[in-house]
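What follows is a single structure, written as structure tokens, with notes after it.
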Amino acid sequence: MSTTFDDSDRTDEQPVPDGRLTAPLDPPATGDITVAFLIAPGTELVDLAGPWGVFEYVHLADGRNPFTLYTVAATTGPVRISGGMVLVPGHDLDSAPPPDVVVVPATDNENLAPEALEWLRRVHQDTAVTMSVCNGSFVLAQAGLLDGRTATAHHGGYAALRATFPDVTVVRGRRYVEDGRIATAGGLTSGIDLALRVVERYFGRDVARQTATELEYQGTGWTRPSSNSQFATRPVSSPGRPLCPVCEMPVSPDTSFAAEYDGVTRYFCGSWCERQFAGAPDRFVGAG
């Protein structure tokens with residue numbers, strides 16, 4: 001006999017209503033729900049594998065899995081993702097089936113082919129949900145899909161997302177943020193919660209709960225998006241504990257990456273953050 005993880009005893013936050021009742025998604029009249037995972041060099045494995053596992057383990061009352069999953073990249077050549085893993089995409093941008101859901105993991109935007117951004121813009125016109133995980137929101141923003149919208153990212157990416165894309169309203173401390181047909185998850189495992197939320201919007205909370213049980217996943221962030229509240233307040237840098245102004249991570253004053261700005265020495269965790277700050281220091285200093 002199967003059991004489900006009971007999230008009803010949590011008292012720190014009441015669950016949000018069942019997404020099937022408040023923001024329903026209707027499965028296609030014919031065929032399965034097609035989910036495309038966009039990959040590129042440097043794609044974060046957890047961002048990819050978490051949602052993939054969720055959609056893979058959904059089973060309806062008749063035992064059927066309603067999701068068809070595939071990976072897509074600029075070409076079908078091998079792609080080296082995080083940790084050195086090498087994946088062979090199932091489709092290139094021209095051969096990929098039209099997706100109902102698109103999942104965009106964090107990746108190195110500098111290695112993302114311009115054609116991939118164009119593909120995103122094109123397929124988003126017809127998707128039920130275009131979702132990002134972690135700093136995959138930077139990819140959506142670069143494609144122009146977050147202009148005028150609210151979004152989130154990994155907690156180390158809040159300031160950079162706001163500074164780099166000022167037309168995006170960045171929300172701190174959320175497991176996921178939904179804005180129309182766009183949905184963005186926080187860091188890494190937050191993608192599992194957003195994927196469960198998408199499952200719930202299609203098939204209801206009971207199916208999403210059973211999926212979480214099959215995965216032995218005991219997180220409840222998909223019903224409590226504010227559970228990332230520990231990241232809701234912007235950390236404050238101090239002389240005794242300086243923070244990188246781009247990723248807001250603690251850094252050592254002995255780092256070789258430092259720059260003077262407005263009479264204050266700023267310390268950076270690495271060259272990438274230093275370059276980002278140099279390109280728009282006013283935005284980073286004022287980023288909330």
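Treat the numbers as computed from the prediction; the structure is a model and nothing was measured.
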Quick one: pull up CZ in Arg266 and CG in Leu243 and give me the separation to the nearest 0.5 Å.
11.5 Å

If Ile, Leu, Val, Met, Phe, Trp and Tyr residues are connected whenever their side-chain heavy atoms lie under 4.5 Å apart, and connections chain through other members, are Met131 and Tyr57 in the same group?
yes

Has Arg241 got more than 12 heavy atoms of other residues, nucleotides or ligands less than 6.0 Å from its CZ?
no

side-chain hydrogen bond (donor to acceptor under 3.5 Å, both in side chains): pairs with one or both residues in residues 62-85, sequence neighbours excluded:
Asp32-Arg64, Asp32-Thr68

Side-chain (Arg205) to main-chain (Pro17) donor-acceptor, under 3.5 angstrom
yes

Please check this pair: side chain of Arg175 against backbone of Trp222, looking for a donor-acceptor N/O pair closer than 3.5 Å.
no

Restricting to pairs with a member in residues 99-131, which pass ring pair (Phe, Tyr, Trp, His ring centres under 6.0 Å), not counting sequence neighbours?
none

Shared ILVMFWY cluster between Val177 and Leu25, side chains joined below 4.5 angstrom?
no

Spacing of CG belonging to Leu120 relative to CG belonging to Leu112, to within rounding of 0.5 Å
7.5 Å

Could you walk me through whether Asn228 and Arg174 pass the side chain to side chain contact (heavy atoms under 4.5 Å, CB included) test, one step at a time?
CA-CA 5 Å; Asn228 261 19; Arg174 301 283 291 185; 5.5 Å; no

Any heavy-atom pair between the side chains of Leu60 and Val207 that's under 4.5 Å?
yes

Suppose we screen for ring-ring contact (aromatic ring centres under 6.0 Å, His included). Which residues come up paired with His155, at least two apart in sequence or across chains?
Phe231

Please enumerate all residues that pass salt bridge (Lys or Arg N to Asp or Glu O under 4.0 Å) together with Asp26, with sequence neighbours excluded.
Arg20

Nearest 0.5 angstrom please: Leu145 CG to Leu140 CG, how far?
5.5 Å

Do Leu188 and Val54 sit in the same hydrophobic cluster, where Ile, Leu, Val, Met, Phe, Trp and Tyr count as joined when their side-chain heavy atoms come under 4.5 Å apart?
no

Please say whether more than 12 non-hydrogen atoms of neighbouring residues, nucleotides or ligands are located less than 6.0 Å from CD in Glu260.
yes

Suppose the criterion is ring pair (Phe, Tyr, Trp, His ring centres under 6.0 Å): which pairs have a residue in residues 21-42, not counting sequence neighbours?
Phe37-Trp52

Can you tell me how far CG of Leu93 sits from CD of Glu115, rounded to the nearest 0.5 angstrom?
7.0 Å

Does the pair Leu196 and Tyr217 meet the rule for a side chain to side chain contact (heavy atoms under 4.5 Å, CB included), with working shown?
CA-CA 11 Å; Leu196 285 167; Tyr217 179 66; 3.8 Å; yes

Partners of Ser229 by side-chain contact (heavy atoms from CB on, under 4.5 Å), sequence neighbours excluded?
none

Under a 3.5 Å distance rule, please check whether Arg172 uses its side chain to pair with a backbone N or O of Tyr158 as donor and acceptor.
no

Could you give all pairs that pass the side-chain hydrogen bond (donor to acceptor under 3.5 Å, both in side chains) test and reach residues 131-145, with sequence neighbours left out?
Asn109-Gln142

From Thr130 atom OG1 to Asp100 atom CG, the distance as rounded to the nearest 0.5 Å
10.5 Å

Those residues that, when tested against Thr169, pass side-chain contact (heavy atoms from CB on, under 4.5 Å) (two or more places apart)
Thr150

Given the rule in the side chain to side chain contact (heavy atoms under 4.5 Å, CB included) test, do Leu146 and Phe165 qualify, once you have shown the distances and angles that lead to the verdict?
CA-CA 9 Å; Leu146 295 186; Phe165 302 101; over 6 Å; no

Side-chain donor/acceptor of Arg201 to backbone N/O of Gly19, under 3.5 Å
no

Which of Pro242, Cys273, Pro245 passes side chain to side chain contact (heavy atoms under 4.5 Å, CB included) with Val251? Answer is Pro242

Applying ring-ring contact (aromatic ring centres under 6.0 Å, His included), can you list everything that pairs with Tyr267, at least two apart in sequence or on another chain?
none

Phe203/Gln210 under side chain to side chain contact (heavy atoms under 4.5 Å, CB included): CA gap, chis, key distance, verdict:
CA-CA 11 Å; Phe203 300 108; Gln210 185 57 42; over 6 Å; no

Give me each pair satisfying ring pair (Phe, Tyr, Trp, His ring centres under 6.0 Å) with a member in residues 172-192, each pair once, sequence neighbours excluded.
none

Minimal non-hydrogen separation, Ala278 against Pro281, with atom names:
O-CD, 3.6 Å

Set of ring-ring contact (aromatic ring centres under 6.0 Å, His included) partners for His59, sequence neighbours left out
none

Check this for me: Met85, atom CE, are more than 12 non-hydrogen atoms of other residues, nucleotides or ligands nearer than 6.0 Å?
no

Using a 3.5 Å distance criterion without hydrogens, assess whether the side chain of Ser95 forms a donor-acceptor pair with backbone atoms of His91.
no

Counting only N and O atoms by type, is there a donor-acceptor contact under 3.5 Å from the side chain of Glu44 to the main-chain atoms of Ala106?
no

Using modelled atom types only, decide if a donor and an acceptor are shared between the side chain of Thr255 and the backbone of Gly270 within a distance under 3.5 Å.
no

ring-ring contact (aromatic ring centres under 6.0 Å, His included) filter on Phe55, not counting sequence neighbours, yields Phe67

Between the CG atom in Leu87 and the CD1 atom in Ile81, the distance rounded to the nearest 0.5 Å is 4.0 Å

